[in-house]
Amino acid sequence: MNSPVSIAIHGGAGTLIKGKMTPEKEKSYRETLQLALDEGFSILKKNGSALDAVEKAVIVLEDSPLFNAGKGSVFTADGTHEMDAAIMEGKDLKAGSVSLVTRIKNPVSLARVIMEKSPHVLLAGQGAMDFAKLHGFQLENEDYFYDEFRYQQWQKIKDSDHFQLDHSDRKDSKFG
Amino acid sequence: TVGAVACDANRNIAAATSTGGMTNKNWGRIGDSPLIGIGNYANNETCAVSCTGSGEFFIRGVVAYDLSCLIEYKKLPLKEAADEVIFKRLPKLKGDGGLIAVDRSGNITMPFNTEGMYRGMRNSNGENKIAIYE
């Protein structure tokens, strides 16, 4: 390698903080986090780009039901899943982002395609969905995003004005 | 919310962030994650950063770009700049959360000011850490 390479990742806890989860659950979290790190790092080790590495690491986390992104996305007030993602490279300040999309397996990859194949930085909602279809993104069934734990999280505050951040048990009325 | 930042062998850096939002959100609410300069930013001259936390406060604080500016204009080291943002500036807005950031020398910092943060880092010096913070 020409110079040192490094990668870091983060994931919210989905209200499960250390000390409140079973050893089995903690093991699952650790294994998924390690897999994301390893997949990203293996790209860097082969002289791949930082852009490829961060996209791959996030895809691993999006594909897990444990984290609030992609497959593990929480429920909206309407019982749907709305996802947001962004990606940016430091070399030339290129950026792409997507908001309020549904049924997209890996929103981070859609953000990257927006960066690389559109003149825009942020696409949202139905327009972003149309763009995704145009570029061959497959839509998953709603069942793909169903998770019993997330569903029960939603049931606790459904039909209220409360909303809840994924890393907190609080039910603040305005800012999560 | 999940995210990643990386520095490659050509000393280019990048950031990615993805979220499923907040439970029971409505009205088309979006947080900081898809907003460039707020929850995600990368600039080879400063750092790559991905944020997680209460999105409304990150939007008000323009957090990711604020970190980059502290490095660019105030010449702060990565860790010092990130600590300034998470432990001083964000609390002034009554916001909570954290970030991960890397610079083109491969330095990593991962500050946060709230519970339930999951973190991981790996580099070519052999460091490989996973941490779940209370």
Side-chain angles (χ1 to χ4, degrees), chain A residues 1-13 17-19 30 33-34 37 40-41 44 47 49-51 53-55 57-58 61-62 67-69 73-77 81-91 95 97-100 107-108 121 153-154 157 163-165 167 175-176, chain B residues 1-26 28 30-31 33-36 39-44 48 50 52-54 56-57 98 100 102 104 106 108 110 114-125 128 130 132-134:
Chain A
M1 283 184 274
N2 301 328
S3 60
V5 298
S6 56
I7 184 167
I9 57 171
H10 66 81
I17 62 174
K18 196 174 179 182
R30 286 182 177 277
L33 289 164
Q34 189 64 58
L37 267 186
F41 189 75
L44 298 173
N47 221 15
S49 72
L51 191 69
V54 295
E55 181 188 9
V58 167
L61 298 172
E62 284 180 337
F67 299 96
N68 180 20
S73 293
V74 297
F75 284 83
T76 68
H81 301 88
E82 281 180 350
M83 298 169 285
D84 312 320
I87 195 164
M88 185 165 183
E89 58 180 350
K91 183 181 176 184
S97 54
V98 64
S99 186
L100 303 173
V108 71
V121 171
Q153 275 185 323
W154 176 47
I157 55 175
F163 47 89
Q164 183 175 301
L165 197 64
H167 70 255
F175 290 123
Chain B
T1 304
V2 305
V5 296
C7 174
D8 64 31
N10 294 312
R11 303 187 70 215
N12 290 317
I13 57 177
T17 312
S18 183
T19 187
M22 298 174 82
T23 301
N24 208 41
K25 78 181 180 96
N26 56 15
I30 64 167
S33 300
L35 301 177
I36 300 298
N40 178 287
Y41 190 71
N43 182 339
N44 272 9
S50 177
T52 180
S54 305
E56 280 70 10
F57 298 102
I100 57 172
V102 66
R104 65 186 312 194
I108 286 172
M110 306 189 286
T114 187
E115 82 279 6
M117 290 283 153
Y118 292 18
R119 294 285 188 269
M121 64 82 64
R122 190 172 173 188
N123 64 27
S124 49
N125 293 329
N128 182 13
I130 299 287
I132 301 174
Y133 297 96
E134 294 184 33

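Throughout, protein chains are lettered first and strands after them, A, B, ... in sequence-line order, and every chain is numbered starting at 1.
For B:Ile108, the part sitting under 4.5 Å from any heavy atom of chain A is the side chain, from C-beta outward, and nothing else. A:His81 does not touch chain B: none of its heavy atoms, backbone or side chain, sits under 4.5 Å away. Only the side chain of B:Val102 has a heavy atom closer than 4.5 Å to any heavy atom of chain A. Looking at B:Ile36, the atoms closer than 4.5 Å to chain A (heavy atoms on both sides) all sit in the side chain, from C-beta outward. Looking at A:Val98, the atoms closer than 4.5 Å to chain B (heavy atoms on both sides) all sit in the backbone: N, CA, C or O.
Between chain A and the options B:Asn43, B:Asn125, B:Leu35, B:Asn26, the largest number of non-hydrogen pairs under 4.5 Å is found for B:Asn43. Ranked by heavy-atom pairs under 4.5 Å with chain B, the list A:Ala57, A:Ser73, A:Ala77, A:Gly40 is led by A:Ala77. Contact count against chain B (heavy-atom pairs under 4.5 Å) is highest for A:Ala8 among A:Ala95, A:Ala69, A:Ala8. Put simply, of B:Gly106, B:Ala15, B:Gly28, the one with the most heavy-atom pairs under 4.5 Å next to chain A is B:Ala15. Contact tally against chain A (heavy-atom pairs below 4.5 Å) for B:Ala48, B:Gly98, B:Ser50: the top residue is B:Ser50. With respect to chain B, the highest number of heavy-atom pairs below 4.5 Å among A:Leu33, A:Val121, A:Val108 belongs to A:Leu33. By number of non-hydrogen pairs under 4.5 angstrom with chain B, the leading residue of A:Val58, A:Ile7, A:Ile87 is A:Ile7. Ranked by heavy-atom pairs under 4.5 Å with chain A, the first of B:Ala14, B:Ala4, B:Ser33, B:Gly3 is B:Gly3.
At a threshold of 4.5 Å between non-hydrogen side-chain atoms, the residues B:Val5 and A:His10 do not count as touching.
Contact between A:Ser3 and B:Ala9 at its shortest, heavy atoms only, is OG-O, 2.9 Å. Pairing each heavy atom of A:Val74 with each of B:Met22, the nearest pair is CG2-C, 3.4 Å.
The only option from B:Asp8, B:Asn123, B:Ile13 that meets the side chain to side chain contact (heavy atoms under 4.5 Å, CB included) definition with A:Ser6 turns out to be B:Asn123.
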Discussion item. Evaluate A:Glu89 against B:Asn12 for side chain to side chain contact (heavy atoms under 4.5 Å, CB included), listing each step before the verdict.
Written reply: CA-CA 8 Å; A:Glu89 58 180 350; B:Asn12 290 317; over 6 Å; no
Discussion item. Quick one, B:Asn24 with A:Gln153, criterion side chain to side chain donor-acceptor pair (under 3.5 Å). Give me CA distance, side-chain angles, the key distance, then yes/no.
Written reply: CA-CA 9 Å; B:Asn24 208 41; A:Gln153 275 185 323; over 6 Å; no
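Taking B:Lys25 as the reference, A:Glu82 meet the salt bridge (Lys or Arg N to Asp or Glu O under 4.0 Å) condition, with sequence neighbours excluded.
Between the side chain of B:Thr17 and the backbone N or O of A:Ala86, no donor-acceptor pair lies under 3.5 Å.
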